[in-house]
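Just so it is clear, the values below take in all heavy atoms, side chains as well, and ignore hydrogens, waters and symmetry mates. Note that the numbering runs from 1 along the sequence shown for the chain.
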Amino acid sequence: MTKAKNDHVLTGRPKKRLFIGMLSLTAVLMAVILYAIWYIGVPGLRAIQPMLPWLIGAVFTFLVAGAFFSIFNMVLAVAHLPYLPFLQRQTYELINLLFPLAVRLGSIFGIRRRKLEGSFIAVSNLLFNRMGIRVPADRLLVVTPHCLQLASCPHKITRDPENCKRCGRCDIGALVTLSHEMGFHFFVATGGTLARQIVYKTKPKAVLAIACERDLMSGIQDVYPLPAVGVLNIRPNGPCYNTHVDIEEVRAQLEKIIIPKLKEKQ
């Protein structure tokens, strides 16, 4: 990799605590809003049925307690302490619910949406690694966006990356070579719809996706409960045009996921 690429990777590395902090702040705000709604509605609810305020209050309390417990569970995982992995689905549902508000809150503090998405990916990858998920190479799917291919390349690699001539002018050739070496499925997708079709067709046990923050965040949540790990692409020319990826980072992630062949035979 060039120095520019390395600088991009190092300075752009997301911090996990950013996402958790903003999600916690958003949960606090939602708790205050729910309490205000309940407090204002108590007289009307009591007029309908004396027990109704208590019932609604109990539901709101359960929702708020569940949200904070999910966030606390995430904090335990990030801190490398014992946590409950089966709550990951609830965590993703919580993120889907609160993330739009977290983005708005973040803008007040000058935090860009892309930074929050990158922080989410870092947290999600850590949860993936903490679960110790290992799969055979032929049950792992690696998906990349088409912008990883050189824009001027005449060879169509969408759906069939084997059409790549491996000239070395972009990173597709290196990923094709890596797929031959390690044995995983490799596809290049033009968008989320095609990526989901590829997942449905190959039926993998795990996914490694290479994309920008926005696409990785939506993709990881879309395929859940299928475990997925994300690797951010490098965008020296801006988004969606002649992007790159750190091949060594991809290899390192793959080595954590793929069961070595010797262990597969045992």
Side-chain angles (χ1 to χ4, degrees), residues 1-6 8-9 12 114 117-118 121 124-125 128 135-224 226-258 261:
M1 290 179 62
T2 64
K3 184 179 184 297
K5 290 183 191 178
N6 279 319
H8 182 100
V9 171
R114 193 172 75 180
E117 290 170 337
I121 294 160
S124 181
N125 285 353
F128 180 101
V135 301
D138 61 355
R139 299 306 303 275
L140 175 67
L141 171 65
V142 175
V143 183
T144 70
H146 66 96
C147 61
L148 210 63
Q149 182 184 25
L150 190 70
S152 59
C153 182
H155 305 289
K156 185 175 178 59
I157 59 169
T158 304
R159 294 185 183 271
D160 188 5
E162 292 299 326
N163 290 330
C164 175
K165 303 306 176 185
R166 290 186 252 182
C167 66
R169 298 175 66 195
C170 71
D171 294 327
I172 295 295
L175 290 169
V176 172
T177 299
L178 197 58
S179 70
H180 291 175
E181 175 190 335
M182 303 184 79
F184 56 83
H185 296 284
F186 174 50
F187 286 92
V188 179
T190 54
T193 301
L194 179 56
R196 284 187 287 272
Q197 289 176 358
I198 292 169
V199 170
Y200 179 78
K201 179 182 177 181
T202 57
K203 294 182 173 57
K205 287 188 175 180
V207 175
L208 184 145
I210 300 168
C212 63
E213 291 88 346
R214 181 189 62 185
D215 290 347
L216 280 181
M217 179 167 183
S218 61
I220 288 172
Q221 294 181 65
D222 284 348
V223 301
Y224 190 83
L226 184 66
V229 64
V231 176
L232 288 171
N233 61 10
I234 304 167
R235 303 177 290 274
N237 304 297
C240 304
Y241 184 77
N242 288 348
T243 60
H244 295 275
V245 68
D246 186 339
I247 298 296
E248 291 308 311
E249 181 181 358
V250 173
R251 180 187 287 274
Q253 290 289 351
L254 291 170
E255 288 175 347
K256 292 178 185 177
I257 304 169
I258 295 175
K261 291 182 179 180

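Taken from CG in Leu194 to NE2 in His146, the straight-line distance is 10.0 Å, to the nearest 0.5 Å. In this structure, the separation between CG on Leu150 and NE2 on His244 is 8.0 Å, given to the nearest 0.5 Å. For the atom pair CG (Asn163) and CG (Asp160), the distance works out to 4.5 Å, reported to the nearest 0.5 Å.
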*asked:* For a side-chain hydrogen bond (donor to acceptor under 3.5 Å, both in side chains) check, start with the C-alpha distance between Asn237 and Arg235, then their side-chain angles and the critical distance, and finish with the verdict.
replied: CA-CA 5 Å; Asn237 304 297; Arg235 303 177 290 274; over 6 Å; no
_Checking Cys212 against Asp215 for the side-chain contact (heavy atoms from CB on, under 4.5 Å) test, could you report, in this order, the C-alpha distance in whole Å, the side-chain angles of both residues, the deciding distance, and whether it holds?_
CA-CA 6 Å; Cys212 63; Asp215 290 347; 3.6 Å; yes
*Going through the checks in order, is the side-chain contact (heavy atoms from CB on, under 4.5 Å) test met by Ile210 and Leu208?*
CA-CA 7 Å; Ile210 300 168; Leu208 184 145; 3.9 Å; yes
_Trace of the side-chain contact (heavy atoms from CB on, under 4.5 Å) decision for His155 with Lys165_ = CA-CA 8 Å; His155 305 289; Lys165 303 306 176 185; 3.4 Å; yes
*asked:* Assess the residue pair Asp171 and Asp246 against the criterion (side-chain contact (heavy atoms from CB on, under 4.5 Å)); give the C-alpha distance rounded to whole Å, side-chain angles, the decisive distance to 0.1 Å, and a yes or no.
replied: CA-CA 9 Å; Asp171 294 327; Asp246 186 339; over 6 Å; no
Ignoring hydrogens and angles, write down the donor-acceptor pairs under 3.5 Å from the side chains of residues 174-189, residues two or more places apart or on other chains.
| from | atom 1 | to | atom 2 | distance (Å) |
| --- | --- | --- | --- | --- |
| Thr177 | OG1 | Arg166 | NH1 | 3.3 |
| Thr177 | OG1 | Gly173 | O | 3.0 |
| Ser179 | OG | Val176 | O | 2.6 |
| His180 | NE2 | Glu162 | OE1 | 3.2 |
| His180 | NE2 | Glu162 | OE2 | 2.8 |
| Glu181 | OE1 | Arg251 | NH2 | 3.1 |
| Glu181 | OE2 | Arg251 | NH1 | 2.9 |
| His185 | NE2 | Asp138 | O | 2.9 |

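Between Leu226 and Pro204, the shortest heavy-atom contact is CD1-O, 3.2 Å. Nearest heavy atom pair, residue Asn242 against residue Gln149, reads OD1-O, 3.7 Å. Between Ile220 and Gly230, the shortest heavy-atom distance links the atoms CD1-N, 4.4 Å. In terms of heavy atoms, Asn125 sits closest to Val229 at OD1-CG2, 3.1 Å. The two residues Val207 and Leu140 come nearest to each other via the heavy atoms N-CD1, 4.1 Å.
For the pair Asn233 (side chain) and Val245 (backbone), a donor-acceptor distance under 3.5 Å is absent. Using a distance-only test at 3.5 Å, with no hydrogens or angles considered, no donor-acceptor pair links the side chain of Thr243 to the main chain of Pro239.
Within the structure, no pair that satisfies the salt bridge (charged side-chain N to carboxylate O under 4.0 Å, His left out) test touches residues 201-212, not counting sequence neighbours. Within the structure, salt bridge (charged side-chain N to carboxylate O under 4.0 Å, His left out) contacts touching residues 145-157 (residues at least two apart or in different chains) do not occur.
By the side chain to side chain donor-acceptor pair (under 3.5 Å) test, Glu117 pairs with Arg113, sequence neighbours left out. When the side chain to side chain donor-acceptor pair (under 3.5 Å) test is applied to Thr144, no partner is found at least two apart in sequence or on another chain. Listed by chain and residue number, Arg196 satisfy the salt bridge (Lys or Arg N to Asp or Glu O under 4.0 Å) test with Asp222 (two or more places apart in sequence, or in another chain).
A 4.5 Å side-chain heavy-atom check between Ile121 and Ser124 finds every atom pair outside the cut-off.
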